[in-house]
Amino acid sequence: MSFDYDLFVIGGGSGGVRAARVAAAGGAKVALAEEDRYGGTCVIRGCVPKKLMVFASEYSGMVEDAQAYGWDIQPGAFDWGAFKGKLEAELDRLEGIYRNLLKNSGVESFDARAKLLDAHTVELSDGSRKSAKHILIATGGRPIVPEFPGSDLAITSNDIFHLEKLPESILIVGGGYIACEFAGIMNGLGVKTTQYYRGAQILRGFDDEARGLVSEEMCQSGIDLHLGTNVIEMTSEGDKIRVKATNGDEALFDQVMYATGRAPNADDLGLEDLGIERGRKGEIVVDKYSQTGMPSVYAIGDVTDRVNLTPVAIREGMAFVETVFNGNPTSPDHDLIPTAIFTQPEMGTVGLSEEEAAKQEPIEVYATSFKPMQQAFAGRAQRVLMKLIVSKASRKVLGCHIVAPGAGEMIQLAGIAVKMGATKEDFDRTVAVHPTMSEELVTMKTPVRTA
Ligand code: NDP
């Protein structure tokens, strides 16, 4: 049986684009359909614009620090319009790069929505049909807002980059990566920022001591964080939003941003008609090779709700190509993934939290929290945390948790050692780089506790 293509990819985000061009580079005839902008969540409405906003928001504090270092400079106003213009131009540039990457590797792209008709056929929104030996679904995810009275007044992280003007006040709801990162961003840009989180402490699932410090520092920096608090109802009042909260508070905000989780984009893809299984959150169920129950159909990235991170989607895409086109069955490695949360201060983490590790085996905990030199000199009270969780039996470092400016950069490197199975003694025999914050990772001599 002959097909139009060897591979048809649905979705032009990080995972889909990588799989398409690597397969094409290996000689496969590949097409890709994208209904929105190329680059997907990460490039267009996620990691990239978010990180640029983090950078923008950090300059306010830098001016004060510079003054403390003797610079005669004064803080000025932040020009949202100027920043937004540059941000949009940068995203246009990056989208162009993604389109070119596909074109230059010989992938035919369709600016259209695609859905599956049968095991080997997709139908595009213009009604045309394409057949392919393999179909890869890489349609990502989207933010979701729970239903409650007035929930339609909320914006999500998708909208925040498009605001015409910066609000004077914002309420951010949620306690995960996105809520905490945007609380820091908005606060840094001078927006009066309130955050509601329904649980006892933000960043559930991460190391307790690390998230405790992030939370403390977020409050110190001026974010009005309410734990154990949720929204009951929202009503519009002039150009503001009145919010009634479970803690009895009632307040007006210019904007309310919900960051209460994301859902896989797996609706209206024709999966039900083909009998392709979906999980509890609507994700596409795949095996360790990213294959669905329909042998010619695979899925990678956030639509499978495994580990929802760009570099993981890329790895899953590469493993798919290796498995299907290079005859080398490869399952993506989801173990010991380093990750950073770009809160202010940042948190970098790899491996097990103290709480998870202690449930698993006897451990030693090495941790130090201190005021870093650069910020202490500028008179800031800010503290950082360096923490290692060590197996008593194997001496392996089971987890590394850093809360500090630049923690994302640090954890990438510490992540190599942890992934290699480094022991505490391997860390100890590494000479300190002095004076740095991260040198503490190799100079902690005595456990602060055992469990
Ligand atoms: P998360 O799942 O991380 O967090 C959702 C938050 O919303 C949790 O605090 C959750 O509370 C809360 N919540 C859920 N439902 C409700 C509700 N009905 N009412 C009130 N609060 C609610 O989702 P995010 O949207 O923050 O991020 C999605 C994913 O995107 C992340 O898991 C991550 O994989 C990825 N991401 C990664 C980034 C990075 O690498 N730096 C940055 C941004 C996103 P509870 O804890 O009680 O469940």
Side-chain angles (χ1 to χ4, degrees), residues 13-15 40-55 140-151 154-161 171-185 194-206 208 210-211 214-215 218 225-234 243-247 256-265 280-281 283 301-316 334 337-350 402-403 407-409 411-412 415:
S14 307
T41 298
C42 172
V43 176
I44 303 298
R45 59 193 90 82
C47 323
V48 172
K50 178 273 307 285
K51 188 91 192 263
L52 290 168
M53 283 182 83
V54 170
F55 289 141
R142 63 181 187 284
I144 40 168
V145 178
E147 289 270 330
F148 63 92
S151 58
I155 59 167
T156 68
S157 58
N158 280 359
D159 311 302
I160 199 112
F161 309 110
L171 168 67
I172 295 180
V173 183
Y177 280 78
I178 299 180
C180 295
E181 291 181 340
F182 275 99
I185 289 170
T194 307
Q195 183 178 358
Y196 288 173
Y197 171 53
R198 64 182 179 181
Q201 186 55 282
I202 55 168
L203 299 171
R204 184 167 61 83
F206 291 96
D208 275 355
R211 66 200 184 111
V214 171
S215 166
M218 283 171 66
L225 173 63
H226 297 249
L227 298 172
T229 305
N230 213 344
V231 173
I232 299 173
E233 178 185 285
M234 305 202 300
V243 177
K244 264 196 208 163
T246 49
N247 63 356
V256 177
M257 183 184 120
Y258 259 72
T260 49
R262 296 174 62 84
N265 285 330
R280 202 174 54 84
K281 282 179 68 183
E283 74 278 13
D302 288 7
V303 76
T304 62
D305 194 33
R306 285 175 280 180
V307 181
N308 299 331
L309 297 170
T310 296
V312 175
I314 291 173
R315 291 291 176 108
E316 289 168 359
H334 290 119
I337 295 169
T339 172
I341 307 155
F342 294 98
T343 38
Q344 299 175 22
E346 283 174 23
M347 173 162 147
T349 174
V350 61
I402 303 175
V403 177
E409 302 290 346
I411 205 68
Q412 177 68 82

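Read the numbers this way: they start at 1 and go in the same order the structure lists the ligands and their atoms.
Applying the side-chain contact (heavy atoms from CB on, under 4.5 Å) test to A313 and every residue at least two apart in sequence or in another chain returns nothing. Partners of I337 under the side-chain contact (heavy atoms from CB on, under 4.5 Å) rule, at least two apart in sequence or in another chain, are V307, L309, V312, H334.
Of all heavy-atom pairs spanning G141 and N265, the tightest one is O-ND2, 3.3 Å. Shown here for P143 and N158, the closest heavy-atom pair between the two residues is CD-ND2, 3.5 Å.
At a heavy-atom cutoff of 4.0 Å, ligand 1 is surrounded by K50, P146, G174, G175, G176, Y177, I178, E181, Y197, R198, R204, N230, A259, T260, G261, R262, N308, L309, T339, A340, F342.
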Using atom types as modelled, flag every donor-acceptor pair under 3.5 Å from a side chain in residues 174-181 to any protein atom, sequence neighbours excluded.
from	atom 1	to	atom 2	distance (Å)
Y177	OH	T339	OG1	3.0
E181	OE1	K50	NZ	2.8
E181	OE2	K50	NZ	3.4
E181	OE2	F342	N	2.7

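Two residues are said to be in side-chain contact when any heavy atoms from C-beta on lie closer than 4.5 Å; V256 and M234 meet this criterion.
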